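Keep in mind the model is a prediction, meaning the values are calculated, not measured. In listed order, ligands and their atoms are each counted from 1.
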Amino acid sequence: MSSIQMSARDELLQRFLDAASTGDVQKVSLMISQSKDLLNQRGEQGWSALMLAARNGHYDVAKVLLSNGCDTSVTNRSGQTALDVALFWGHRHIARLLSSDADHDLRQLLPNRGVEEPDIYFNREILDRMSDKRNDAEWLAAKRVAPETVFLLFHALNPLVCSGADDEVEEVRLCKLRSAAVQELLINSQTVEVFLGVEKQEEDDGQLAWFALSTEDDPTQLLKHKHHNSFFLQGAMPGLLRLSDDDAGVVAQARSVLAWHSRYRFCPTCGSDTKVEEGGYKRTCLRAGCKSLQGVHNTCYPRVDPVVIMLVLHPDGNHCLLGRKKIFPPGMFSCLAGFVEPGETLETAVRREVREESGVQVGPVQYLSCQAWPMPSCLMIGCHCVATTTDIKVDQNEIEEARWFTRQQVMDALVKDKRAVFIMPPRQAIAHYLLKHWIGCNANL
Ligand SMILES: NC(=O)C1=CN([C@@H]2O[C@H](COP(=O)(O)OP(=O)(O)OC[C@H]3O[C@@H](n4cnc5c(N)ncnc54)[C@H](O)[C@@H]3O)[C@@H](O)[C@H]2O)C=CC1
Ligand SMILES: [Mg+2]
Ligand SMILES: [Mg+2]
Ligand SMILES: [Mg+2]
Ligand SMILES: [Zn+2]
């Protein structure tokens, strides 16, 4: 476009951008004092004055632009901020200037850390795991036959529970069987047994031990002469969310270890058969000479998969980003989440998953709390973070929809107000806690 065709406005902007690009501090300052709205305007390919200064290493120009309140989160058509540009071209002093400013402002939006260890579903530990007893075969054998010992029964990873009603939502209790009731199972070589721990108590003597037993046999046969009103809880979600907080913690431990047994029957190193050791906490390869027998290998122990789950806050401090997967119940939106990949920090994983799933770029990240999630064995690492860009581009493979919701909309959903525009994740999910913590609501809703 020739300068003749340009409107006076375009021409003014072009002069301003040229001044920033060539490092003419005086001209930039003068033009801002005459027309402040030039600050965040963008020219060709969406480049702002700050990006051009960052591109060409003009520190003083960047400083003047920032001191006049220039927006550091603006992006060009390639989705780069001025900070990205400065980093790309190696102008570290400008990158430092941009990141310290941007980070400081954005960090102010993160909520206070709050309670160090909130009582989140699945996290309660009513047993002392006593891992030192896992190698004490004699002690374990004595506990196995002690009449008061508690046995929890699982079939296809579903716990045996009791309930007063047939209600689909009512809280259920774990069925605690005594050794007399599980004699047949204990001698069956197909039964997988895991020592869970002893009930927490002061005295050393008379410790009440708990075991989990997993059977492949027909559960209806097993139940014939046993507990009235007992059944295997069907479907991990939402079935497992019907347990009491005490029971949920025990199930988080038992189900994850049993799921590992069901998936790692053979040696992951050579494919040979394995034997169960250490009270159900180790599988050892039976083939002499297998590499897994030399040294310590994590393939022999139960696995835990770290998953980051994050509430992304809008740079305006008043919105948060929630998404929904196709499998969610209608109307429900929740925090974005994703598996941590090898070689990643939690912060990097948060930024990558948010970018992949929503197209939004994330700046500061703050860890809040975590949750055991035994489906089959995740550790949900709950974070708040602040976005530096706000345009949403959803990855349809993972997320059906993602939206910015206002603080008021989250409050309405939390109290189930009739104006609510979405449904909260259930109170048992850490996503619920991340949302509640952001709006500063500590009441147990
Ligand atoms: N407690 C809570 O509030 C919530 C818990 N979750 C849990 O977090 C888990 C991870 O979240 P997603 O969004 O699904 O993760 P994601 O965004 O990383 O995508 C999942 C995909 O990643 C791949 N993947 C990479 N590593 C994997 C691994 N170790 N195991 C299985 N798949 C792997 C698979 O292709 C899978 O389909 C979910 O499976 C869910 O159980 C998710 C949201 C809320
Ligand atoms: Mg993902
Ligand atoms: Mg995901
Ligand atoms: Mg992923
Ligand atoms: Zn092996």
field: More than 12 heavy atoms of other groups within 6.0 Å of D417 CG
entry: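 Result for CG/D417: enclosed.
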- prompt: Is it the case that more than 12 heavy atoms not belonging to Q108 sit under 6.0 Å from its CD atom?
  reply: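 Yes, enclosed.
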- request: Considering just N/O/S atoms, say which atom of E398 is closest to the Mg ion (ligand 2).
  value: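 It is OE1 of E398.
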message: Suppose we only allow N, O or S atoms; which atom of E357 ends up nearest to the Mg ion (ligand 2)?
response: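 Within E357, restricted to N, O or S, the Mg ion (ligand 2) is closest to atom OE2.
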Answer yes or no for [atom]: protein heavy atom present at a distance under 4.0 Å?
atom                    : answer
atom 28 (C) of ligand 1 : yes
atom 38 (C) of ligand 1 : no
atom 35 (O) of ligand 1 : no
atom 23 (C) of ligand 1 : no

Heavy-atom nearest neighbour in the protein, as seen from [atom], with distance rounded to 0.1 Å:
atom                    : value
atom 40 (C) of ligand 1 : W373 NE1, 3.9 Å
atom 44 (C) of ligand 1 : I309 CD1, 3.4 Å
atom 15 (O) of ligand 1 : G338 CA, 3.4 Å
atom 6 (N) of ligand 1  : M380 CE, 3.4 Å
atom 12 (P) of ligand 1 : K325 NZ, 3.4 Å

Show which atoms of ligand 1 fall inside a sub-4.0 Å distance from at least one heavy-atom site of [X].
X    : answer
I430 : 1 (N), 3 (O)
A429 : 2 (C), 3 (O)
E357 : 17 (O)
A431 : 3 (O)

Nearest-0.5 Å distance that lies between atom [atom1] in [X] and atom [atom2] in [Y]:
X    : Y    : atom1 : atom2 : value
C335 : M310 : SG    : CE    : 8.5 Å
K291 : C285 : NZ    : SG    : 12.0 Å
Q361 : S73  : CD    : OG    : 11.0 Å
C370 : Y433 : SG    : OH    : 11.0 Å

message: Whether the side chain of Q371 engages the backbone of Y121 through a donor-acceptor N/O pair (distance < 3.5 Å, no angle test) should be reported.
response: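 Yes, Q371 side chain to Y121 backbone: donor-acceptor pair under 3.5 Å.
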message: A side-chain contact here means heavy atoms from C-beta on lying under 4.5 Å apart; do K143 and K133 qualify?
response: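 A side-chain contact under 4.5 Å is absent here.
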Heavy-atom closest contact (H91 atom, A54 atom, distance):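 Shortest heavy-atom contact: CD2-O, 2.9 Å.
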Please determine if [X] has a nitrogen or oxygen closer than 3.5 Å to a nitrogen or oxygen of ligand 1.
X    : value
E398 : yes
F339 : yes
A337 : yes

task: Examine ligand 1 and decide if any of its atoms is less than 4.0 Å from a heavy atom belonging to Q428.
output: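 Heavy atoms of Q428 never come under 4.0 Å of ligand 1.
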message: Strictly under 2.8 Å, is the Mg ion (ligand 4) approached by any N, O or S atom of E353?
response: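 An N, O or S atom of E353 is closer than 2.8 Å to the Mg ion (ligand 4), so yes.
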message: Using the rule given for salt bridge (Lys or Arg N to Asp or Glu O under 4.0 Å), can you reason through R324 versus E400, listing the C-alpha separation, both sets of side-chain angles and the distance that settles it, and then say yes or no?
response: CA-CA 6 Å; R324 54 169 282 114; E400 187 179 65; 2.7 Å; yes
- request: Answer yes when D247 and R173 have at least one side-chain N-carboxylate O distance shorter than 4.0 Å, and no when they do not.
  value: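 Salt bridge flag = no for R173 with D247.
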task: Answer yes or no for R303 and W260: cation-pi contact, defined as NZ/CZ to six-membered ring centre under 6.0 Å and angle to ring axis within 45°.
output: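 No, R303 does not lie over the aromatic ring of W260.
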